[in-house]
Amino acid sequence: MLEGMQIAFFAVAKLPADERGTSFFGKKTCELLFKGNGQNLPGFMIGRQLTVVFSFFLVASITGFNITPGEGNNIFGISDGAQTFMNYGFHGAVITTILASITWQLAASAFPIAFLNNPATYILLCIALFLEWTGLCSGAWVLARVMKTVTKIQYDEVYVGTPEDRLATNHADKEMTTAQDVGHLAGGGFAGHVCGSHDALEGLDIGTWSLGSDHSGL
C-alpha cells in the first residue's frame with residue numbers, strides 16, 4: 001500500500017487542488033499532504049521509507065533460511081548448491097518485490113484517485129508523517145538541501161508554474177481522455193493533464209509544427 005501511495009501522490013501533485021480528491025478521505029488526504037508549503041509530501045517519503053525498510057527486514061527474517069547444506073536437512077530435498085543459494089534470501093526478495101512493491105505501484109499508476117479515496121491511505125499517511133516527526137532520518141533534509149544548493153535545482157513551479165498559473169495565462173495543460181490513460185498499467189497514471197509540454201507552455205499550436213521548423217528556442 002505504501003508503495004502505491006507514493007505513485008498516487010506524485011501523479012496528482014501537479015493537478016489543481018479541486019481535482020485531487022473525490023471523496024471525504026480523498027480530500028482529507030490531499031489537504032494534509034499538500035497543506036502549507038508542501039513539506040508533508042517529502043515528509044511522507046521519509047516516513048514511508050522507514051516503514052518499508054522495517055517491513056523488508058521483517059519479511060526477510062520470516063522467509064529466510066539458516067540450513068547448513070550437506071547435513072540432509074535441505075528444504076524440499078534440493079541440492080546443496082541450491083540450498084546455499086536459498087540461504088541468501090533472494091527468493092524472499094523477489095516475492096516481496098513483486099507482491100508488496102511493483103504490483104501496488106502499477107495499480108496506483110493506473111488508478112491514483114482510487115488510492116487517494118481509500119481510508120487506509122489517510123491512516124498510513126498519518127503514521128508515515130509521525131515517523132518523520134520523530135527525527136530518526138532528519139539528516140535526509142540536510143543532505144537534500146546541500147544537494148539543492150550544489151546543483152542549483154529549482155521547484156517545478158519555477159520552470160512551468162502551477163496548474164492554476166498556466167490556466168490563467170491561457171497555457172493550460174493538454175487534456176487526456178479516459179481511453180488514453182486511466183485504467184491502463186502504463187502511462188502517466190491519470191486522465192487529467194499532461195504538464196510541462198512545450199506547446200502548452202509556449203502557447204504554440206501543435207498543428208502548426210513541422211519537421212523543418214526551427215524550435216531551437218525551446
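The figures that follow rest on heavy atoms only: side chains count, while hydrogens, waters and symmetry mates do not. Positions are given from 1 along the sequence.
- A distance of 9.5 Å separates SG of C126 from CG of N40, quoted to the nearest 0.5 Å.
- We find the CE-CZ distance between M5 and R48 to be 9.5 Å, quoted to the nearest 0.5 Å.
- Clustering ILVMFWY residues whenever any of their side-chain heavy atoms sit less than 4.5 angstrom apart, transitively, puts L32 in the very cluster that holds F24.
- Residues I46 and F34 fall into different hydrophobic clusters, defined by Ile, Leu, Val, Met, Phe, Trp and Tyr side chains chained together at heavy-atom separations under 4.5 Å.
- The structure places CD1 of I67 at 11.0 Å from CG of D80, a figure rounded to the nearest 0.5 Å.
- At a threshold of 4.5 Å between non-hydrogen side-chain atoms, the residues N117 and F25 do not count as touching.
- Of the inter-residue distances, the one linking F44 atom CZ with I127 atom CD1 reads 11.0 Å to the nearest 0.5 angstrom.
- We find the OG1-NZ distance between T149 and K152 to be 8.5 Å, quoted to the nearest 0.5 Å.
- In this structure, T84 and Y88 approach most closely via the heavy-atom pair O-CD1, 3.3 Å.
- In the hydrophobic clustering of this structure, L125 groups with F10; members are Ile, Leu, Val, Met, Phe, Trp, Tyr whose side-chain heavy atoms approach within less than 4.5 Å, directly or through other members.
- Nearest heavy-atom pair, E3 versus A100, reported as atom, atom and distance to 0.1 Å: CG-O, 3.5 Å.
- Under the 4.5 Å side-chain criterion, counting only non-hydrogen atoms from C-beta, N118 is in contact with M1.
- Side-chain contact between N87 and P69 is present, with heavy atoms from C-beta onward closer than 4.5 Å.
- Side chains of E132 and W141: a donor on one and an acceptor on the other come within 3.5 Å.
- Transitive grouping of hydrophobic side chains (ILVMFWY, heavy atoms separated by less than 4.5 Å) keeps M86 and V59 in distinct clusters.
- Panel note: side chain W104, backbone L99; a donor-acceptor pair is recorded below 3.5 Å.
- The minimum heavy-atom distance linking G135 with S138 is given by the pair CA-OG, 3.1 Å.
- With contacts defined as side-chain heavy-atom distances shorter than 4.5 Å, the pair F130/W133 qualifies.
- Separation of atoms CD1 (I113) and SG (C30) is listed at 7.0 Å; rounding is to 0.5 Å.
- When side chains are defined from C-beta on, L116 counts as touching F9, because their heavy atoms get closer than 4.5 Å.
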Q: Give the intermediate values and the outcome of side-chain contact (heavy atoms from CB on, under 4.5 Å) for residues C137 and L50.
A: CA-CA 8 Å; C137 291; L50 282 170; 3.5 Å; yes
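- The minimum heavy-atom distance linking A8 with A108 is given by the pair N-CB, 4.2 Å.
- L33 pairs in a side-chain contact (heavy atoms from CB on, under 4.5 Å) with only one of the listed residues (L129, L41, T121), which is L41.
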